[in-house]
Amino acid sequence: MVGVISPRLPVPLIDVLPDFVGELDRALRADDADDLADQVRGLSITAVCRCGDHFCSSFYTGPRPDGPWGQTHRNVVPEVAFGMIVLDVVDDKIRYVEVLDRADVKSIIATLID
């Protein structure tokens, strides 16, 4: 995935996608991932994925690694009503939010890039 940093970034996630923040928070708490849910309201979008796939609206919440994510990397897949979300968690911090098949999120993310 290729990330792009825009002059409009970083931006607090809650400022641009408050409903998504609430949904992700609830889904993580339902999965007993309160440690991650506690981070959601404080996340910022620092770069967006520019893979070009029509179904992708993924974004970074911290710096991209220069290589592999490392040994502390794990994926968390909260159950959501529609689409798919996969969190890349490194050192117990959400670093990347893969958002697939979510036109509601994509329409907002598109406004953040040039």
Side-chain angles (χ1 to χ4, degrees):
M1 287 174 249
V2 178
V4 165
I5 298 174
S6 160
R8 296 184 191 106
L9 298 176
V11 62
L13 182 59
I14 195 137
D15 287 356
V16 293
L17 289 164
D19 293 340
F20 180 79
V21 166
E23 176 185 7
L24 183 55
D25 180 271
R26 287 186 300 277
L28 288 167
R29 291 189 193 284
D31 288 345
D32 292 323
D34 291 350
D35 58 327
L36 297 177
D38 290 343
Q39 297 177 39
V40 173
R41 293 187 187 281
L43 293 176
S44 289
I45 299 173
T46 60
V48 298
C49 179
R50 292 293 296 259
C51 69
D53 290 335
H54 70 281
F55 54 82
C56 179
S57 49
S58 304
F59 54 89
Y60 291 88
T61 60
R64 291 180 58 197
D66 289 331
W69 286 103
Q71 292 182 356
T72 65
H73 172 258
R74 63 187 166 108
N75 289 120
V76 175
V77 184
E79 188 173 326
V80 292
F82 63 99
M84 182 176 190
I85 299 171
V86 180
L87 304 177
D88 283 301
V89 179
V90 180
D91 296 327
D92 295 319
K93 294 193 183 350
I94 300 170
R95 295 281 300 277
Y96 186 75
V97 181
E98 185 174 3
V99 184
L100 306 174
D101 294 318
R102 293 289 301 259
D104 59 326
V105 174
K106 187 164 184 75
S107 65
I108 300 298
I109 293 292
T111 67
L112 301 176
I113 54 179
D114 298 325

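- Between Thr61 and Thr46, the closest side-chain pair of non-hydrogen atoms is not below 4.5 Å.
- The shortest side-chain heavy-atom distance between Pro78 and Arg26 does not fall under the 4.5 Å cut-off.
- With contacts defined as side-chain heavy-atom distances shorter than 4.5 Å, the pair Leu9/Phe59 does not qualify.
- Proximity of a side-chain donor or acceptor of Arg50 to a complementary backbone N or O of Ile113 within less than 3.5 Å is not detected.
- Counting heavy atoms from C-beta outward, Ile94 and Leu36 have side chains that approach closer than 4.5 Å.
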Q.
Pair Ile109, Leu17 - check side chain to side chain contact (heavy atoms under 4.5 Å, CB included), show working.
A. CA-CA 9 Å; Ile109 293 292; Leu17 289 164; 4.3 Å; yes
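- Here the side chains of Asp38 and Asp25 are not in contact, with every heavy-atom distance at 4.5 Å or above.
- Contact detail for Ser44 and Pro12: the closest heavy-atom pair is OG-CA, 3.7 Å.
- For the atom pair Ser57 OG and Asp104 CG, the distance stands at 7.5 Å (nearest 0.5 Å).
- Under the 4.5 Å side-chain heavy-atom criterion for Ile, Leu, Val, Met, Phe, Trp and Tyr, Val48 and Val16 are members of the same hydrophobic cluster.
- Using modelled atom types, no side-chain atom of Glu98 and backbone atom of Asp88 make a donor-acceptor pair closer than 3.5 Å.
- Qualifying salt bridge (charged side-chain N to carboxylate O under 4.0 Å, His left out) partners for Asp91, counting only residues two or more places apart in sequence or in other chains: none.
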Q.
Assess the residue pair Tyr60 and Val97 against the criterion (side chain to side chain contact (heavy atoms under 4.5 Å, CB included)); give the C-alpha distance rounded to whole Å, side-chain angles, the decisive distance to 0.1 Å, and a yes or no.
A. CA-CA 6 Å; Tyr60 291 88; Val97 181; over 6 Å; no
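- No donor-acceptor pair under 3.5 Å is formed between the side chain of Glu79 and the backbone N or O of Ala30.
- Between Phe55 and Arg102 the shortest side-chain heavy-atom distance does not fall below 4.5 Å.
- Put simply, the side chain of Arg74 reaches to within 4.5 Å of the side chain of Val76, judged on heavy atoms.
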Q | Worked check of side chain to side chain contact (heavy atoms under 4.5 Å, CB included) between Leu28 and Asp35 | A | CA-CA 9 Å; Leu28 288 167; Asp35 58 327; over 6 Å; no
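- Interatomic distance, CG of Asp34 versus CD of Gln39, reported as 11.5 Å (0.5 Å rounding).
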Q: Evaluate the side chain to side chain contact (heavy atoms under 4.5 Å, CB included) criterion for residues Ile85 and Val77: first the C-alpha distance (whole Å), next the side-chain angles of each, then the deciding distance (0.1 Å), finally the verdict.
A: CA-CA 6 Å; Ile85 299 171; Val77 184; over 6 Å; no
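- In this structure, the side chains of Asn75 and Val89 stay at 4.5 Å or more apart for every pair of heavy atoms.
- A side-chain donor-acceptor contact under 3.5 Å links Ser58 to the backbone of Val99.
- Here the CG-CD1 distance, from Leu43 to Ile14, works out to 10.0 Å after rounding to the nearest 0.5 Å.
- Linking ILVMFWY side-chain heavy atoms closer than 4.5 Å, directly or via other members, places Leu112 and Val21 in a single hydrophobic cluster.
- Taking CZ from Arg8 and CD1 from Ile45, the interatomic distance works out to 12.5 Å, rounded to the nearest 0.5 Å.
- Taking all atoms of both residues into account, the shortest heavy-atom contact from Asp53 to Lys106 is O-NZ, 3.7 Å.
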